[in-house]
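Some notes on the structure that comes next.
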Amino acid sequence: MESEEKKNPHKGGRPTKIDPAVHRYSISLTEEENARFLTLFETSGMHVMAHFITACVFQKGIKTVKIDKATIDYYMRLTSFYSQFRAVGVNYNQVVKILYQKFSEKKASAYLYKLEKQTIELVVLSKKIIQLTEEFELKHLKK
């Protein structure tokens, strides 16, 4: 029992590391260098500055993430528009079904003709949206 106490005198606390980092280095940066360093650190997405510096020194590869608010906003609006477009499709199916249930064949066909013209306009609009999205991806999104 006494031999166990001598081997592990501390019973609480954090377990000791196998290979602790005990060597410390200090560097001095100018205001301009510090601003550039902080910008690189923020864009890297890392949370610990020491890990970022170690990655820089040993060139483990630094990942930088740039978030473009305009791109995010564009895709959010496009997603919202797509959900509205699907809702129009659901409503379209419901209208066709009700037309055939409530009206005669001749009257339903007349209303469907008008609905068909509006649908063609909607198809043209959706093609334009797809074209704009492809242009936006080519110009602004790097893959």
Side-chain angles (χ1 to χ4, degrees), residues 4-143:
E4 286 181 26
E5 290 178 9
K6 289 181 182 177
K7 285 183 183 176
N8 191 3
H10 305 287
K11 292 185 179 181
R14 189 182 295 177
T16 57
K17 292 182 178 180
I18 296 171
D19 186 22
V22 293
H23 301 286
R24 184 178 303 259
Y25 296 95
S26 174
I27 61 169
S28 299
L29 301 174
T30 64
E31 287 295 324
E32 182 181 320
E33 292 170 338
N34 187 49
R36 186 170 174 223
F37 172 76
L38 290 176
T39 303
L40 286 172
F41 173 66
E42 289 171 2
T43 57
S44 72
M46 292 182 154
H47 299 293
V48 181
M49 197 176 291
H51 295 164
F52 174 73
I53 293 170
T54 306
C56 288
V57 169
F58 295 114
Q59 296 183 3
K60 292 182 182 176
I62 305 163
K63 65 174 186 174
T64 57
V65 179
K66 292 186 179 180
I67 299 173
D68 187 6
K69 300 289 184 186
T71 305
I72 292 172
D73 188 43
Y74 179 78
Y75 274 107
M76 285 175 52
R77 290 179 190 271
L78 187 63
T79 304
S80 172
F81 181 75
Y82 180 70
S83 64
Q84 290 174 4
F85 190 78
R86 288 189 57 178
V88 167
V90 170
N91 292 342
Y92 182 87
N93 289 338
Q94 291 173 350
V95 165
V96 171
K97 194 176 192 181
I98 290 172
L99 281 175
Y100 278 113
Q101 287 176 353
K102 303 291 180 182
F103 296 105
S104 66
E105 184 98 16
K106 190 175 181 183
K107 212 172 202 180
S109 295
Y111 285 127
L112 281 176
Y113 179 74
K114 291 180 181 179
L115 187 61
E116 186 178 339
K117 285 188 173 187
Q118 295 296 321
T119 305
I120 291 171
E121 288 180 25
L122 195 62
V123 168
V124 170
L125 180 65
S126 69
K127 287 182 181 179
K128 182 70 174 173
I129 291 168
I130 291 170
Q131 176 191 0
L132 288 172
T133 303
E134 289 172 352
E135 287 177 17
F136 184 82
E137 286 177 348
L138 287 175
K139 289 181 183 177
H140 301 288
L141 298 180
K142 297 177 183 176
K143 292 185 179 182

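In what follows, every heavy atom counts, from backbone to side chain, and hydrogens, waters and symmetry copies are set aside.
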Report task. Check side-chain hydrogen bond (donor to acceptor under 3.5 Å, both in side chains) between Glu135 and all other residues, then give those that pass, not counting sequence neighbours. Result -> Gln131
Report, one line per pair, each donor and acceptor closer than 3.5 Å where one atom sits in a side chain of residues 20-36; sequence neighbours left out.
{"from": "Thr30", "atom 1": "OG1", "to": "Glu33", "atom 2": "N", "distance (Å)": "3.2"}
{"from": "Thr30", "atom 1": "OG1", "to": "Glu33", "atom 2": "OE1", "distance (Å)": "3.4"}
{"from": "Glu33", "atom 1": "OE1", "to": "Thr30", "atom 2": "N", "distance (Å)": "3.0"}

Query raised in the report: Distance from Leu122 atom CG to Leu115 atom CG, nearest 0.5 Å?
Result: 10.0 Å
Query raised in the report: With Phe37, which residues qualify under ring-ring contact (aromatic ring centres under 6.0 Å, His included), at least two apart?
Result: Phe52
Enumerate, atom names and distances included, each donor-acceptor pair closer than 3.5 Å involving a side-chain atom of residues 90-105, sequence neighbours excluded.
{"from": "Asn91", "atom 1": "ND2", "to": "Ala87", "atom 2": "O", "distance (Å)": "3.4"}
{"from": "Ser104", "atom 1": "OG", "to": "Lys107", "atom 2": "N", "distance (Å)": "3.4"}

Query raised in the report: Listed by chain and number, what are the salt bridge (Lys or Arg N to Asp or Glu O under 4.0 Å) partners of Asp73, not counting sequence neighbours?
Result: Arg77
**Report entry** Rounded distance [0.5 Å steps], OG1 in Thr43 versus CG in Leu38
**Finding:** 10.5 Å
Query raised in the report: CG/Leu112 to NZ/Lys114 distance, rounded to the nearest 0.5 angstrom?
Result: 11.5 Å
